[in-house]
Number of protein chains: 2
Amino acid sequence: MAAKSEQTRQKLAEVALRMFREIGFEKTTMRAIAAEAGVSAGNAYYYFESKDSLVHELYVQVQAEHAERAAGALATTGGLAERLKAVLHAGLDVMAPYHRFGADFVATAIRPTSPVNPFSTASNPAREASLEIFRQAVDGARPAVPKKLRSDLPELLWLCYMGVTLFWVYDTSDGQQRTRRLVDGAAPLIARGLGLARVPGVGKVLDDVLNLSRSVRS
Amino acid sequence: MAAKSEQTRQKLAEVALRMFREIGFEKTTMRAIAAEAGVSAGNAYYYFESKDSLVHELYVQVQAEHAERAAGALATTGGLAERLKAVLHAGLDVMAPYHRFGADFVATAIRPTSPVNPFSTASNPAREASLEIFRQAVDGARPAVPKKLRSDLPELLWLCYMGVTLFWVYDTSDGQQRTRRLVDGAAPLIARGLGLARVPGVGKVLDDVLNLSRSVRS
DNA sequence: ACTTGTTCTTGAACACGTTCAAATTTGGGG
DNA sequence: CCCCAAATTTGAACGTGTTCAAGAACAAGT
């Protein structure tokens, strides 16, 4: 079976992710991963082109689990605030075991040249999956969000999610409860804020914000 | 004179900063810095405890120059939008020579354990100086900003500045003109948006936003 | 069974950031 | 001028991520 090779690859990924969780990024050396997986250090590079690639593996797995959990949570709630809370909390739940690793993860991910960078082509599928979660959260919301916002909102919320993640990385409170409170507080505020889009003066400013955000992305 | 030692220290910092600018972070090895400064590699560690410390040196210098330039630009403008633009553009001007180095800088700075981290105690003076710029920009604005915002706004604008910096790091357009356009577009929008604070419905939401932002910072 | 081409694996090597004991230089006090 | 303690400097060493030439295991055709 050709599965022998795939087995080694998975063993490496599994060992790496466990060590990231348990002893952190720096203490998890390539040599240690290889040893624990029962292969030579050089061999690990046959399967993963760099240590960062192993972090990418983690990123992909976390995104996948986030999508799964979020979908479940979205099935039962209707209001935008509740849907947003569900999605964000699901993300935090999935990341929780990796909190001690978070800072190194972000430091790696923020490099434009890294495969882990959420804007890199290597991360395209993972980012697309993540964006899709927010599209569902917005599209399925009752009452519906104002029309003119519907197309841009998912991407903006995804950006908020990146911001929340950043906040979470720095959050040293017990079980990152500060981040939980931030989510609980911010989600209804965002939902209420969107309702203001129909207030005449606000609508004008909002249009300009959306235009700017579009022009800046292109 | 005791300046001999200080001279070596400055030579190292000067060489390091120049190399960061000219050949980037990774190619600037500690051995190369030391060689160029005419000392041994080990000796560089007598003056700087790590390569990151040299990045911190850069951060401090950039902040200082930003403060200086911003103060000059603020002397001549009154409207909040213009003042904000002046401050942000001044920041971009100062950082410009280091753009190629930006990604590595941010990756270093984002680690909570790094001396370069803007929230670290080592960065306290630099951050305080930076915050002071935004305080001046807000306090001296005519027409004045709504009272209830005046105390929180500087910190929030400083956060925006961090965001702009992040955007700038990723901005590969010629001379980072996209970031320039973002600043030109966002500054008047923020100023206009603040005017909405007096609209009844908006004020309520805004109060909650401020409360949340306060509770989350404590 | 033997050959051949591919896939997988190894172990030694490299450059890097960093550490440290030892050597050297420096600056005062006798 | 000499000596000593402190400040400075060195060069070798360590562990890291990564590379690579060489070898081992494997699959398939004859």
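Throughout, protein chains are lettered first and strands after them, A, B, ... in sequence-line order, and every chain is numbered starting at 1.
Residue A:Thr28 is classed as a sugar-phosphate contact, given heavy-atom separations below 4.0 Å to backbone atoms only.
Centroid-to-centroid, the aromatic rings of B:Phe119 and B:Trp158 come within less than 6.0 Å. Annotation: A:His66 is in aromatic contact with A:Tyr161 [ring centroid separation under 6.0 Å].
When the side-chain nitrogen and oxygen atoms of B:Asn43 are compared with OP1 and OP2 of D:dT8, none of them lie within a distance under 4.0 Å. An OP1 or OP2 oxygen of C:dC8 is reached within less than 4.0 angstrom by a side-chain nitrogen or oxygen of A:Ser5. Note on A:Tyr47: a side-chain N or O is less than 4.0 Å away from OP1 or OP2 of C:dT9. OP1 or OP2 of C:dT18 has at least one side-chain nitrogen or oxygen of B:Tyr45 nearer than 4.0 Å.
Heavy-atom distances under 4.0 Å link DNA chain C to B:Thr29, B:Met30, B:Arg31 of residues 29-37 of chain B, given in residue order. Remark: nothing in residues 102-109 of chain B comes within less than 4.0 Å of DNA chain C through any heavy atom.
Mapping A:Ala41 and A:Tyr46 onto DNA chain C via the closest heavy atom, the residue that lands nearer the 5' end is A:Tyr46.
Atoms NZ (B:Lys51) and C1' (C:dA15) sit 12 Å apart, rounded to a whole Å. When rounded to the nearest whole Å, the span between CG of A:Leu12 and P of C:dC8 equals 13 Å.
Here B:Arg111 contributes atom CZ and A:Tyr170 contributes atom OH; the two are 10.5 Å apart, rounded to the nearest 0.5 Å.
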